[in-house]
Amino acid sequence: MPELPEVETTVRAISGFENSILEKIVIHNRSLRWEVDKDLEKLTANKRIYKISRRAKYIIIKLDVYSLMLHLGMSGKLRIQNKKDNYFKKHDHVEFVFKDKKIIFNDVRRFGSLHITKNINDHPLISNLGIEPLSRSFNKDYLHALTLDSKLNIKKLLMDQKKVVGVGNIYASESLFLASINPLRPAKKISLSECDDIIKAIKKVLKQAIKMGGTTLKDFYSADGSEGYFKLELNVYGLEDKPCKKCKRKIKRIVLGQRSTFFCENCQV
DNA sequence: CTGAGATCCTGTCTGC
DNA sequence: TGCAGACAGGATCTCA
């Protein structure tokens, strides 16, 4: 489900819990993408939260010695709830309990994960990640070097988290539309100036999506319960057979690497 | 090393 | 209405 803007939106929604004391973590179902560490509850009881941040699509919660890494997978979301409202929803797996409130991790499909580790950057799921798309070092030269080295088509390359993080299926399609690049193009054949177009498009799309609270297609809600309104800005994603906003021809849907991919054959070369 | 395809899981929607 | 099949915001793993 969530790509960088949705994760960022979620992080911002729970940032108010920084400096709060996490009384305890209650786990109802350890069987997520990976089995949750048996010692996690013990290691996190009555710890202050120093920092809540994002790396790639991971939510990082820094305690004293340990940090938590939470990935929302395809269907995960957080929900802030008053502690006294003691209700549960189906697929509530983890509760982060504070003095008056709790944050609940709900994940229908259980592709999400929760890890505890001392040093985030040494964790194997983090250490091999590519660079942040909104950082300065994500620029045309960086991307061009990657493309020259790759046999993938450009869309698959952009979604490869080892190369650049945070771009998922929606924003890959949307960025390539803005950059007027066909998603099927072999990465190798993308010129430096086209790389520049792609970089600018990705940054623009991600920033705008964050501003609008992410994209709610059907069931993404931020932790405060609000929807993301970037859906209204989508140009191609989920719009098969609808008229292209530039040329009015029909948007095409194809499958690349088992993922739906939307683009305009006329505008994207 | 790279890249393609299968796979994890539950729910919803479409078409017969 | 039932039922099969496709599809869903991700990313790891297995194998060539």
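So you know, we letter chains A, B, ... as the sequences are listed, proteins then strands, and number each from 1.
C/dA8 atom P lies 7 Å from atom CG of A/N169, rounded to whole Å. Across the protein-nucleic acid pair, A/E3 atom CD and C/dA11 atom P stand 9 Å apart, rounded to whole Å. A/L217 places its CG atom 13 Å from the C1' atom of C/dC7, with the value rounded to the nearest Å. Between the CZ atom of A/R259 and the C1' atom of C/dA11 there is a distance of 9 Å, given to the nearest Å. Regarding A/Y171, its OH atom lies at a distance of 10 Å from the P atom of C/dG10, rounded to whole Å. Note: CG (A/L32) to P (C/dG10) measures 18 Å, nearest angstrom. Atom CE of A/M69 and atom C1' of C/dT12 are 14 Å apart (whole Å). For the pair A/N153 CG and B/dG3 P, the interatomic distance rounds to 10 Å; values are reported in whole Å.
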> Could you spell out the base pairing of DNA chain C in dot-bracket, with Watson-Crick or G-U pairs whose two distances are under 3.5 Å, [ ] crossing and | to another strand?
Replying inline: .|||||||.|||||||
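Cluster annotation: A/I126 and A/I116 are assigned to distinct hydrophobic clusters (Ile/Leu/Val/Met/Phe/Trp/Tyr, side-chain heavy-atom contacts under 4.5 Å, transitive).
Residue pairs satisfying the salt bridge (charged side-chain N to carboxylate O under 4.0 Å, His left out) criterion with at least one member in residues 166-179 of chain A, sequence neighbours excluded, are absent.
Of the candidate nucleotides C/dG10, C/dA11, C/dA8, C/dA11 has the atom lying nearest to any side-chain atom of A/Q161.
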> Do A/K51 and A/N19 pass the side-chain hydrogen bond (donor to acceptor under 3.5 Å, both in side chains) test, and can you show the C-alpha distance, the side-chain angles, and the key distance before you say yes or no?
Replying inline: CA-CA 8 Å; A/K51 187 79 193 160; A/N19 296 317; over 6 Å; no
>> Quick one, A/Y229 with A/T215, criterion side-chain hydrogen bond (donor to acceptor under 3.5 Å, both in side chains). Give me CA distance, side-chain angles, the key distance, then yes/no.
In response: CA-CA 6 Å; A/Y229 293 98; A/T215 301; over 6 Å; no
Which donor-acceptor pairs under 3.5 Å do side chains of residues 141-148 of chain A form with protein atoms, sequence neighbours excluded?
{"from": "A/Y142", "atom 1": "OH", "to": "A/K163", "atom 2": "O", "distance (Å)": "2.8"}
{"from": "A/T147", "atom 1": "OG1", "to": "A/H144", "atom 2": "O", "distance (Å)": "2.7"}

N/O donor to acceptor pairs below 3.5 angstrom from side-chain atoms of residues 242-250 of chain A, sequence neighbours left out:
{"from": "A/K245", "atom 1": "NZ", "to": "A/L234", "atom 2": "O", "distance (Å)": "2.6"}
{"from": "A/K246", "atom 1": "NZ", "to": "A/F177", "atom 2": "O", "distance (Å)": "3.4"}
{"from": "A/K246", "atom 1": "NZ", "to": "A/S180", "atom 2": "OG", "distance (Å)": "3.3"}

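Here A/F111 does not lie in a stacked arrangement on the base of B/dC9, lacking the combination of planes under 30° and ring centres under 5.5 Å apart.
Inter-residue side-chain proximity for A/D107 and A/S75 is flagged as met; some heavy-atom pair is nearer than 4.5 Å. Contact annotation: the side chain of A/I210 never approaches that of A/K207 to less than 4.5 Å [non-hydrogen atoms, C-beta and beyond].
Distance check on atom P: B/dA6 versus C/dA6 gives 13 Å, rounded to whole Å. For the P atoms, the distance from B/dG11 to C/dA11 is 22 Å, rounded to whole Å.
The aromatic rings of A/Y58 and A/H71 sit perpendicular, their planes meeting at an angle over 60°, well past the 30° parallel limit. Ring orientation note: the planes of A/H93 and A/F105 are nearly perpendicular, at an angle over 60° on the 30°/60° scale.
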> Where along nucleotides 10-16 of chain B does protein come under 4.0 Å, by heavy atom, of base (B) or sugar-phosphate alone (S), with - for untouched nucleotides?
Replying inline: BSS----
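Residue A/S75 has no polar side-chain atom (N or O) positioned under 4.0 Å from OP1 or OP2 of C/dA8. A/S113 has no side-chain polar atom (N or O) that falls below the 4.0 Å cut-off from OP1 or OP2 of C/dA11.
A 6.0 Å sphere centred on NZ of A/K151 holds no more than 12 heavy atoms belonging to other residues, nucleotides or ligands.
In summary, the aromatic rings of A/F88 and A/H28 are positioned with their centroids under 6.0 Å apart.
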Distances under 3.5 Å between protein N/O atoms and the N/O atoms of nucleotides 4-7 of chain B, please, pair by pair.
{"from": "B/dA6", "atom 1": "N7", "to": "A/Q258", "atom 2": "OE1", "distance (Å)": "3.4"}
{"from": "B/dA6", "atom 1": "N7", "to": "A/Q258", "atom 2": "NE2", "distance (Å)": "3.0"}

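Heavy atoms of A/T216 sit under 4.0 angstrom from at least one base atom.
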